[in-house]
Amino acid sequence: MSDIFENVIYKSNELLKNHTTMRVGGPAKYIFMPKNADEIKKVIEFCNSENEKYIIIGNGSNIIFSDEGFDGAVIKIFNMMKEFSVENDLIKADAGCLLSKLANAARDNSLTGMEFAAGIPGTLGGAVVMNAGAYGKEMKDIIEYVDVLSTDGKLTRYKCEEMKFGYRKSIIDKNKIVISAGIRLKKGDKSEIEAKMLELKEKRTSKQPLEYPSSGSTFKRPEGMFAGKLIEDAGLKGYRVGGAMVSEKHAGFVINYDNATAEDILNLIEDVRNTVNNKFGVLLEPEVKIIR
Ligand SMILES: Cc1cc2nc3c(=O)[nH]c(=O)nc-3n(C[C@H](O)[C@H](O)[C@H](O)COP(=O)(O)OP(=O)(O)OC[C@H]3O[C@@H](n4cnc5c(N)ncnc54)[C@H](O)[C@@H]3O)c2cc1C
């Protein structure tokens, strides 16, 4: 048996509801919390040798696990991997850094360009994978490079244009792991940056149901339309399955209203897709990653 359990921080039979912002999900056989690329490599070697499947997560803010959980290893790149430095207008950061922390560091150093990301509750790694964006800006506008570990153990630096960023997607698939990235910003005025961040925060709080657990926007924006508007027009605001509900504040958000199970959430997502498809002929594609 590998000495992985002596070297890397881990938990066995840990409920994934404790590691996702939707607050649903059954147990993972293991959840590993590596400190660096080397430890990630070792966990993957262990999984390969023991025939365990594995998955990477960050803050779990765009991922839903089933009530059965995950019969394998969840590798959580989060607060054991969160070093960063600010060098002139470049922030070099580990994948586990929260975007909010990096946006605050940018502000403190009078660097502009990252204000849009301050309210996205994900890690830098998850945001790079998803090309997360808000208010007309996306990660691709600020990423200079990304250091990627492939599952065969090779570390490669990708330039922004090599990342093939698109709408909520990038080149990162399940054989690639974001280790760190460089964020290129511009010198700006600290009080203007602060004011912009506050303005966007107020927008979010007034429009989004942040008082309930969720995974943010449940569906991708269909070309030329808004998922939330279609769902609202289909009469689904407030629609419930068990403890899951279509938010009354913002129909684009499925929320864990009252101790929902993953099954409640997933059934509600299917009902919403079917109803919108029947009414408007548009099949909504989930933005949130569903792991069964
Ligand atoms: C209230 C709320 C508001 C939100 N607002 C926005 C918004 O405005 N804009 C937006 O784009 N998103 C938004 N989101 C969704 C989410 O925060 C983003 O998609 C975020 O980038 C996900 O980061 P994460 O660390 O939580 O990733 P996770 O949810 O943990 O993972 C997402 C995907 O990335 C993979 N992954 C994570 N880390 C790594 C890594 N280091 N290497 C390789 N793969 C990895 C996972 O396997 C998974 O496929 C919101 C979510 C919530 C709950």
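In listed order, ligands and their atoms are each counted from 1.
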Participant: Apply the hydrophobic cluster definition, ILVMFWY joined by side-chain contacts under 4.5 Å directly or through others, and give me every member besides Tyr257.
Facilitator: Tyr212, Met245, Phe253, Ile255
Participant: Among all protein heavy atoms in this structure, tell me which lies nearest to atom 44 (N) of ligand 1, with the distance rounded to 0.1 Å.
Facilitator: Val129 CG2, 3.3 Å
Participant: Evaluate the side-chain proximity of Leu266 to Ile290: yes if any heavy-atom separation is below 4.5 Å, no if none is.
Facilitator: yes
Participant: Please work out which of the three classes, parallel, tilted or perpendicular, describes the rings of Tyr30 and Phe5, given edges at 30° and 60°.
Facilitator: tilted
Participant: With a 4.0 Å heavy-atom cut-off (strictly under), which part of Lys176 contacts ligand 1: side chain, backbone, both or neither?
Facilitator: backbone
Participant: Which of the numbered atoms in ligand 1 are below 4.0 angstrom from a heavy atom of Arg168?
Facilitator: 11 (O)
Participant: For atom 5 (N) of ligand 1, which of the options Lys137, Arg204, Gln208 provides the nearest non-hydrogen atom?
Facilitator: Arg204
Participant: Checking Asn13 now: which residues fulfil side chain to side chain contact (heavy atoms under 4.5 Å, CB included) with it, not counting sequence neighbours?
Facilitator: Pro27
Participant: Should you measure from each heavy atom of Gly58, which atoms of ligand 1 turn up under 4.0 Å away?
Facilitator: 25 (O), 28 (P), 30 (O), 37 (C), 38 (N)
Participant: Check whether any heavy atom of Met22 sits under 4.0 Å from an atom of ligand 1.
Facilitator: no
Participant: Below the 3.5 angstrom mark, is there an N/O of Ser214, backbone or side chain, next to an N/O of ligand 1?
Facilitator: no
Participant: Nearest to atom 4 (C) of ligand 1, what protein heavy atom do you find, and at what distance?
Facilitator: Pro121 CD, 3.6 Å
Participant: Looking at ligand 1, does Met139 have a heavy atom less than 4.0 Å from it?
Facilitator: no
Participant: Which residue holds the protein heavy atom closest to atom 26 (O) of ligand 1, what is that atom called, and what is the gap in Å?
Facilitator: Ser61 OG, 2.6 Å
Participant: Ile77 heavy atoms, cut-off 4.0 Å: which ligand 1 atoms fall inside?
Facilitator: 41 (N)
Participant: Applying a heavy-atom cut-off of 4.0 Å, say which part of Asn59 lies close to ligand 1: side chain, backbone, both or neither.
Facilitator: both
Participant: In ligand 1, which numbered atoms sit nearer than 4.0 Å to a non-hydrogen atom of Ser215?
Facilitator: 51 (C), 52 (C), 53 (C)
Participant: Return the option from Gly122, Ala134, Ala181, Gly133 holding the heavy atom at the smallest distance from atom 10 (C) of ligand 1.
Facilitator: Gly133
